[in-house]
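In what follows, chains carry the letters A, B, and so on, assigned in the order in which the sequence lines appear, proteins first and then strands, with residues in each chain numbered from 1.
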Amino acid sequence: MLVVTYNVNGIGARLDALLDYLEQRKPDVVCLQELKAPQEKFPESAIREAGYHAIWHGQKSWNGVAILTRDGPAQELQRGLPGDPADEQSRYIEAVYQGLLVCGLYLPNGNPAPGPKFDYKLAWMERLIARGAALIETGAPVVLCGDFNVIPTGLDAYKPERWVDDALFRPETRAAFERLMSQGWLDALRSMYPDQVVYTFWDYFRNAFGRDAGIRIDHLLLSPAVAPALRGAGVDRFQRAKEKPSDHAPTWIEIDPGAIVQPKHPR
DNA sequence: ATGTCGCTCTCTGAGCGA
């Protein structure tokens with residue numbers, strides 16, 4: 001089962017590229033971020049004609065997340081990250097698909113830091129940590145994936161010294177991410193490539209992709225029940241090299257559904 | 001500080017967020 005996370009940076013501008021990708025790779029599950037489209041502007045029919053079911057949480061201008069599935073619809077469990085009823089930003093969606101709990105997220109960027117946007121990022125991460133603990137505690141097989149806007153370590157940035165004051169790499173951000181990870185999540189890409197440089201995002205400016213001046217901020221975290229099913233992982237850089245690309249590349253894992261551990265007493 | 005995109009609005013450029 002191929003599970004992909006892909007920040008499209010505007011579903012309107014990226015529809016052709018997305019359809020091309022679906023045709024080329026035929027992923028089973030795709031978590032999308034940064035739709036930048038209101039709920040009613042999501043191109044549901046074009047995606048259906050491409051052979052995918054979709055659930056999505058749109059928002060005018062900014063944010064927006066979706067989950068696409070190929071072999072049947074996903075059952076939506078949660079829309080919006082719990083913990084703050086006043087938070088109206090569309091950054092989280094959760095669904096069950098073929099026994100797998102798929103959580104797609106678009107974590108706040110948080111720049112400039114310090115400031116109110118950084119405070120919002122850290123507060124959002126606290127809510128994510130609470131959600132992560134609850135998910136792990138069920139024993140369910142969970143893939144928690146998306147654009148985390150977190151550079152976990154210096155290995156994950158071209159010239160990390162340039163990111164020290166950035167909200168994606170500040171100590172508070174990395175510490176919160178480490179607290180999430182300490183719950184028992186497996187960073188799928190890093191586990192497959194322990195020492196290698198792996199980037200998922202390259203700025204549009206200064207020919208960043210051509211120079212491979214990237215960062216790794218799109219992550220797929222696996223709960224203990226799905227970690228043993230991991231068979232492969234990677235970044236589809238070819239998609240970033242196409243015409244009119246997103247600044248992110250699709251990032252993927254291959255899992256063996258037969259190796260997923262289902263809890264004996266599902267709640 | 002800069003660079004380049006995408007989206008929205010008052011509208012064919014400017015502001016904002018990333």
Point to revise | Whole-Å distance separating the CG atom of Leu15(A) from the C1' atom of dC7(B) | key: 16 Å

Review point. Quick one: Asn9(A) CG to dA18(B) P, roughly how many Å, whole number?
Key: 11 Å

Check your understanding: If you pin Asn63(A) and Pro245(A) to their nearest nucleotides in DNA chain B, which one's is more 5'?
Key -> Pro245(A)

Check your understanding: Just how far, in rounded Å, is P of dT8(B) from CD of Glu40(A)?
Key -> 10 Å

Point to revise | Whole-Å gap separating P (dG3(B)) and CZ (Arg162(A)) | key: 15 Å

Check your understanding: Rounded to whole angstrom units, what separation is found between the CG atom of Asn7(A) and the P atom of dG17(B)?
Key -> 17 Å

**Study point:** Separation of atom CG in Asp218(A) from atom C1' in dA18(B), rounded to whole Å
**Key:** 13 Å

Exercise for review: Could you give the distance separating dG6(B) and dA1(B) at their P atoms, to the nearest angstrom?
Suggested key: 26 Å

Revision key, fill the gap. Nearest-nucleotide check on DNA chain B, Arg206(A) vs Ala13(A); residue mapping nearer the 5' end is Arg206(A)

Check your understanding: When rounded to the nearest Å, what value does the distance between P atoms of dT4(B) and dT10(B) take?
Key -> 28 Å

**Study point:** Protein proximity profile, nucleotides 10-15 of chain B - base contact B, sugar-phosphate-only contact S, no contact -, cut-off 4.0 Å on heavy atoms
**Key:** ------

Mind listing the side-chain donor-acceptor pairs of residues 112-121 of chain A below 3.5 Å, one per line with the distance, residues two or more places apart or on another chain?
from	atom 1	to	atom 2	distance (Å)
Tyr120(A)	OH	Asp87(A)	OD1	3.0
Tyr120(A)	OH	Asp87(A)	OD2	3.0
Lys121(A)	NZ	Asn109(A)	O	2.9
Lys121(A)	NZ	Asn149(A)	O	2.6
Lys121(A)	NZ	Ala167(A)	O	3.1

**Study point:** Whole-angstrom distance between dC7(B) and dT2(B), as gauged at atom C1'
**Key:** 22 Å

Check your understanding: What is the distance, rounded to the nearest whole Å, between atom OH of Tyr120(A) and atom P of dA18(B)?
Key -> 10 Å

Check your understanding: Are any of the side-chain nitrogens in Arg179(A) or Glu126(A) under 4.0 Å away from the carboxylate oxygens of its partner?
Key -> yes

Practice item. Evaluate the salt bridge (charged side-chain N to carboxylate O under 4.0 Å, His left out) criterion for residues Glu161(A) and Lys159(A): first the C-alpha distance (whole Å), next the side-chain angles of each, then the deciding distance (0.1 Å), finally the verdict. Key: CA-CA 5 Å; Glu161(A) 64 274 16; Lys159(A) 299 210 174 177; 5.3 Å; no

Review point. What's the NZ-C1' distance between Lys60(A) and dC7(B), to the nearest Å?
Key: 10 Å

Practice item. Determine the contact category for Tyr106(A): base if any of its heavy atoms lies under 4.0 Å from a base atom, sugar-phosphate if only primed atoms, P, OP1 or OP2 are that close, otherwise nothing. Key: sugar-phosphate

Point to revise | Ring centroid separation Tyr92(A) to His57(A) under 6.0 Å | key: no

Exercise for review: May I ask you to decide if the ring planes of Trp56(A) and Phe42(A) are parallel, tilted or perpendicular, using 30° and 60° as cut-offs?
Suggested key: parallel

Check your understanding: For Lys26(A), does the NZ atom have more than 12 heavy-atom neighbours from other residues, nucleotides or ligands under 6.0 Å away?
Key -> yes

Practice item. Would you indicate which nucleotide in dG17(B), dG3(B), dG6(B) comes nearest to any side-chain atom of Arg14(A)? Key: dG6(B)

Exercise for review: Using the six-membered ring of Phe169(A), assess whether NZ or CZ of Arg174(A) lies under 6.0 Å from its centre and within 45 degrees of the ring axis.
Suggested key: yes

